[in-house]
There are 2 protein chains.
Amino acid sequence: MSHKITIKDVATQAGVSEATVSRALNDSPQVKAHTRQRIQELARQLGYHPNGLARSIRVQHTHTLGVIIPDILNAFFTQIVRAIEDAADAAGYDVLIMNTDEHLSRETKALDLMLEKRVDGVIITSAGGPTDYATRLGDTPAVFVDRMPPHKAERFDRVLVDNVQATEDLVTRLIDRGSTRVGIINSAVSMTATERLQGYHQALQKAGMAFDPAIEVNARTDNSNVSQMTRQILVNQRCDGLFAADNTIMDTVLHRIPELQLPPFQLGGFDDQDWFDFLPYHIVTAKQPISQIAQTAVDRLLARIRQPRMAPEEFRLPAQIITH
Amino acid sequence: MSHKITIKDVATQAGVSEATVSRALNDSPQVKAHTRQRIQELARQLGYHPNGLARSIRVQHTHTLGVIIPDILNAFFTQIVRAIEDAADAAGYDVLIMNTDEHLSRETKALDLMLEKRVDGVIITSAGGPTDYATRLGDTPAVFVDRMPPHKAERFDRVLVDNVQATEDLVTRLIDRGSTRVGIINSAVSMTATERLQGYHQALQKAGMAFDPAIEVNARTDNSNVSQMTRQILVNQRCDGLFAADNTIMDTVLHRIPELQLPPFQLGGFDDQDWFDFLPYHIVTAKQPISQIAQTAVDRLLARIRQPRMAPEEFRLPAQIITH
DNA sequence: ATGAAAGCGCTAACAG
DNA sequence: CTGTTAGCGCTTTCAT
């Protein structure tokens, strides 16, 4: 933020008042067409760039939305961001992105920064943990996407996939394709895990299969564990089906499988990836409706910005089962 | 940006002046330890959040860096961002990310927005095109990463991989692994393409192979073309080696290959991806030194922020050839 | 159609 | 150690 041309500079150069320059630059119809053009031209020549900070502090909004994601290396979130940008762009809003790398401390910092930068609203895919969003956010409008706030979630708008239905459909598909015994490696994100486990159970039940705790495991972030779990389920427990409850788990599973010398089996997971097509075996996924999730989130956020007192709501969107 | 608690509110509540509150909140040693704590506590209770805009406008910097990337769905840029964040974080700087989706108009908007938000400096991976960065940037420090500005590049700091050496090494590796005739589908990004083509030629020359224009093609953004080119080179032209000059080209190539029923062949490309391990055949890649690129970029940017008149420099970093 | 002046929230002299 | 005051760059009444 080095030495910059201000509106004052333009004003003196043009021989008018700062007010007139401001009006001219904002295309106010009050200012005579001729002088308006003259001023705009001059401003361009001088390389004038409006100071958005000063403007925002005056008009009391920034016209920008903040987006906080936990993992920018994860294609799911990256697609979410992309879709949010499209939706926000269509509504004439700017978007600022911050990545927390699944660190609570960085999420806290990210949120604080966005608040300090006075975004008009924020879309959060929480890194989980004990953050008290209610007090932290104050009255900044927020909507949660994909992952819910751990406490008092019902006080916020949230939009996410119908995890239990999607999982039920997915596991059912695995069974339809021939699996007789399908294990699960569940997500480390707690609420997501709970819901997906329920869907898993429903699918087994419908198929008349018994639950077996030995093949229901839950991932911590530790990668080697998931790798071991894969072997445990697919080899020791002789499953011919496996549901990897999320993106990152799937990744580890995929890394382990080749060295396992497995007989034919069915593999299912959440979140579609382009390159699943390249795998030497089939894979079925629950593809989340990313565009709709994003659209719903920004619609809702924008609505709340205009109408802060709206009652919070939860939006559940259906996933689509795809076989690669 | 709804109704918010200001420093004034805290001041009256605490029965002190705004200045004292400001000092207390900024941990100034000038204010008595006791009152400082009292004020900080009170601020917390009131849910006070400093207005960063007001602060920045006053102190004339934001302590934040802007990062503009052309494609957030591309893992390469995503990793770059991630590495930049780490480097910036270590230096105590915040970073704001914007994605342009390869649209010039969005890049222009993104850059303007960052300037309006008065980032202290900006790291740009240009979407290409005729943007005149010199006048657009004014005197905001900038460094270009991976893709150079189309005009007057020498007026800016830029850090990127040594494309020609990396390509030469890569293609040489392909040949070493048995390729006798290796084609190239080159990048749509012009300068990158030029350099990689040169490396390709150098490799052929060293191996005593003749160039054949029939197997030197250049991708436009049109996907179906790349798909056709793949067939053209690998089938019609009977190449037993192919160099896909970037990420997105490789993706299309990979999509086309299975249906081509090819005899053994060597495939090489830029930018490593985790899932290359899962492919049913080997692939060799030139892995860019992402962390170093990012570190160099932010080091340089920070240096330029302190010392704006430094002469611009170009930093070339070596890639690493990897076989999956 | 334009100008003068106030003020957004904050920090930095300058006084005391 | 704390208060008063001015001012960052901009927009917006209120005058004229």
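Computed from heavy atoms alone, side chains included, the values below leave out hydrogens, waters and symmetry copies. A, B, ... follow the sequence lines: proteins, then strands. Residue 1 opens every chain. Note that the coordinates shown come from a computational prediction; the quantities given were computed from them, not determined experimentally.
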Hey, is the side chain of [X] poking within less than 4.0 Å of OP1 or OP2 on [N], counting only N and O atoms?
X: B:Q60; N: C:dT11; result: no
X: A:S22; N: D:dT11; result: yes
X: B:T35; N: D:dT2; result: yes
X: A:T20; N: C:dG3; result: yes
X: A:N26; N: D:dT11; result: yes

query = Within the modelled atom types, does a donor on one side and an acceptor on the other bring the side chain of A:R58 and the base of C:dG9 under 3.5 Å apart?
reply = no
Q.
On the side chain of B:R23, is there an atom forming a donor-acceptor pair with the base of D:dG3 - under 3.5 Å, no angle test?
A. yes
Heavy-atom nearest nucleotide on DNA chain D taken for B:A54 and for B:P29; more 5' hit belongs to B:P29
Rounded to whole angstrom units, what separation is found between the [atom1] atom of [X] and the [atom2] atom of [N]?
X: A:N51; N: C:dC8; atom1: CG; atom2: P; answer: 18 Å
X: B:L25; N: C:dA12; atom1: CG; atom2: C1'; answer: 16 Å
X: A:K4; N: D:dC8; atom1: NZ; atom2: P; answer: 16 Å
X: A:L53; N: D:dT11; atom1: CG; atom2: P; answer: 12 Å
X: B:E18; N: D:dT5; atom1: CD; atom2: P; answer: 12 Å
X: B:K8; N: C:dT11; atom1: NZ; atom2: P; answer: 15 Å
X: B:R118; N: C:dC10; atom1: CZ; atom2: C1'; answer: 17 Å
X: B:I7; N: D:dG3; atom1: CD1; atom2: C1'; answer: 14 Å

Contacts of A:Q288 meeting side chain to side chain donor-acceptor pair (under 3.5 Å) (sequence neighbours excluded), chain-then-number -> A:D271
- prompt: Does the A:T125 side chain pair with the main chain of A:D146, one donor and one acceptor, at a distance under 3.5 Å?
  reply: no
request  = Output yes when a side-chain donor or acceptor of A:D89 lies under 3.5 Å from a complementary backbone atom of A:E85, and no otherwise.
outcome  = no
Against the side chain of A:T6, the closest entry in D:dC10, C:dT2, D:dT2 is D:dC10
Against the side chain of B:K32, the closest entry in D:dT11, D:dT2, C:dA1 is D:dT2
Margin query: Checking B:Q45 against B:E41: is there a side-chain donor and acceptor pair closer than 3.5 Å?
Written below: yes
Checklist line | Note: A:D86-B:R106 ion pair, threshold 4.0 Å (strictly below) | finding: yes
